[in-house]
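Please read the structure below before turning to the comments.
Computed from a prediction, not measured in an experiment: that's the story for all the values here. In each ligand, atom 1 is the first atom listed, and ligand 1 is the first ligand listed.
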Amino acid sequence: MSTSIRRAGFVLSVTAVVLSLAFFSMPQGVTRAADHSEAPLADHDRPADIGDVYAFLDPSDNTKVVFAFTVVGFIVPSENANQGAFDSTVRYRLELEETGDAVADRFIDVTFSERTSRTTPQTATVVLPNGTRVTAMTTPPSLAGTAPTRTVSTDSATGVTFFAGVADDPFFFDIPGFNRFVASIQAGTPDGSQLARGRDSFAGYNTMCVALSVPLSLLQTSNGVIGVDLLTQRQLKRTFKPKTGEVVYSGKFVNVDRMGVPAINTVLIPFARKDEYNLASTSKDAAGTFATDIIGTLTALGTNTDNVNILASVAVLNGDFLRLNTTIPNNGPGGGNNAEAGFPNGRRFGDDVVDTVLFFVANQTAIGDSVNGNDVALTDAFPYLGLSQQPRNPDVTDDNTRN
Ligand SMILES: [Ca+2]
Ligand SMILES: [Ca+2]
Ligand SMILES: [Ca+2]
Ligand SMILES: [Ca+2]
């Protein structure tokens, strides 16, 4: 990753909406979110639909890396109990790229036991890169007025700390504002005020979150840099048992969804190839399988060669991996907030990744969606996620939603 990219991260602490001429030729269809519901297959498989992937040095202990991801987006607080579970038939695979190329070297796999009741924890099984198996309990959801106490456990043998459960969705972005802005461009009457709504489409909703804090001693890096992406996978053969209603899976695992750098599939891959992108590998990225599509989209958006090359260096040339330089200290509240440690160096919950990606798409012009942070406070201890949104008491007039 070039230093110019990291430098740009500082610039983006200012989120003034300056409309780039580049956006006046934007031909995009509906842009959905970081990765929530971004492709037809994932759209209809919520437990396997990745919302976001995060990687940052643990601000409480910079000798550990926090890997986190979200699935099952847009859980309404009143449905916490029904929907607040992990699917036991999905394998969540964090691919680790430890040599600086486009090929994943080792993995962290997370799977869950079947849910036995709405109030009973599920057992998570984590297989670490060295093959060590760790088990931990999820935090069961609740419909109480206050968020349930989190179950955070540290495995004494490996030092891995784990959380899994319902949490406030840490992603923030104005989906309709952005899409109305694009539509106004397509209609020939660009209306920049659409980007000034400042309404966070994710505010007030929960998602299923998994977070692990992993000692650097269990990881390997290339000059201190580690790449990560998440695959959600199912076994190929599905058998429906008509007497019990069960669906039994067998055979080899295949991707349903994949994500490294935020917004790549969502924004840059044409709709017709979004499933194919998710089913492909980072090696295919580097081999140029989607390069023509990505360059075509960016060129149509008015992105110049310099910035096409920057975006390609992040997500194409060495595969769509989020890359974290583990030698840059991360500190501050809410999972860390010092500018040099943030996206596109890894990704923290508080990083305004939408504005950063748009900055490069718009040829390093400051542009943003006027949503500059999460709707609830991130926490200062692992897992750093905001507490789950809970059903409101009658005297509460604002449930945070900003549709
Ligand atoms: Ca997705
Ligand atoms: Ca490698
Ligand atoms: Ca939120
Ligand atoms: Ca923003």
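For the pair Arg347 and Tyr54, the cation-pi criterion (under 6.0 Å, within 45° of the ring axis) is fulfilled.
Among the heteroatoms counted here (N, O or S) of Asp355, OD1 is the one nearest to the Ca ion (ligand 4). Of all N/O/S atoms in Asp369, OD1 sits nearest the Ca ion (ligand 4).
Donor-acceptor pairing under 3.5 Å is recorded for the side chains of Thr161 and Lys64. Judged purely by distance below 3.5 Å, without hydrogens or angles, the side chains of Asp169 and His36 pair a donor atom with an acceptor atom. Between Asn80 and Asn206, the side chains place a donor N or O and an acceptor N or O closer than 3.5 Å (distance only, hydrogens not considered).
Look at Arg106 and Glu98 and you find a salt bridge, because one of the NZ, NE, NH1 or NH2 atoms lies within 4.0 Å of a carboxylate O, short of that distance. At a threshold of 4.0 Å, the pair Arg392-Asp399 does not count as salt-bridged, since none of the basic side-chain nitrogens sits closer than that to a carboxylate oxygen. A salt bridge is defined here as a Lys NZ or Arg NE, NH1 or NH2 lying under 4.0 Å from an Asp or Glu carboxylate O, and Arg348 with Asp352 fails to meet this definition.
Identified under the salt bridge (charged side-chain N to carboxylate O under 4.0 Å, His left out) test for residues 211-234, with sequence neighbours left out: Asp45-Arg234, Asp87-Arg234.
Each protein N/O/S atom under 3.0 Å from the Ca ion (ligand 2) was counted, for a total of 6.
Using a 30° and 60° split on the angle between ring planes, Phe171 and Phe173 fall in the tilted class, from 30° to 60°.
A search for side chain to side chain contact (heavy atoms under 4.5 Å, CB included) contacts involving Ala81 returns Arg118, Leu143, not counting sequence neighbours.
Atom CG of Asn325 sits about 11.0 Å away from atom CD of Glu340, to the nearest 0.5 Å.
At a cut-off of 3.0 Å, measuring from the Ca ion (ligand 3), the protein N, O or S atoms that fall short of it are Asp168 OD1, Asp168 OD2, Asp169 O, Asn374 OD1, Asp375 OD1, waters left aside.
Around the Ca ion (ligand 4), the two atoms O of Val371 and OD1 of Asp352 are separated by an angle of 110°, to 10 degrees.
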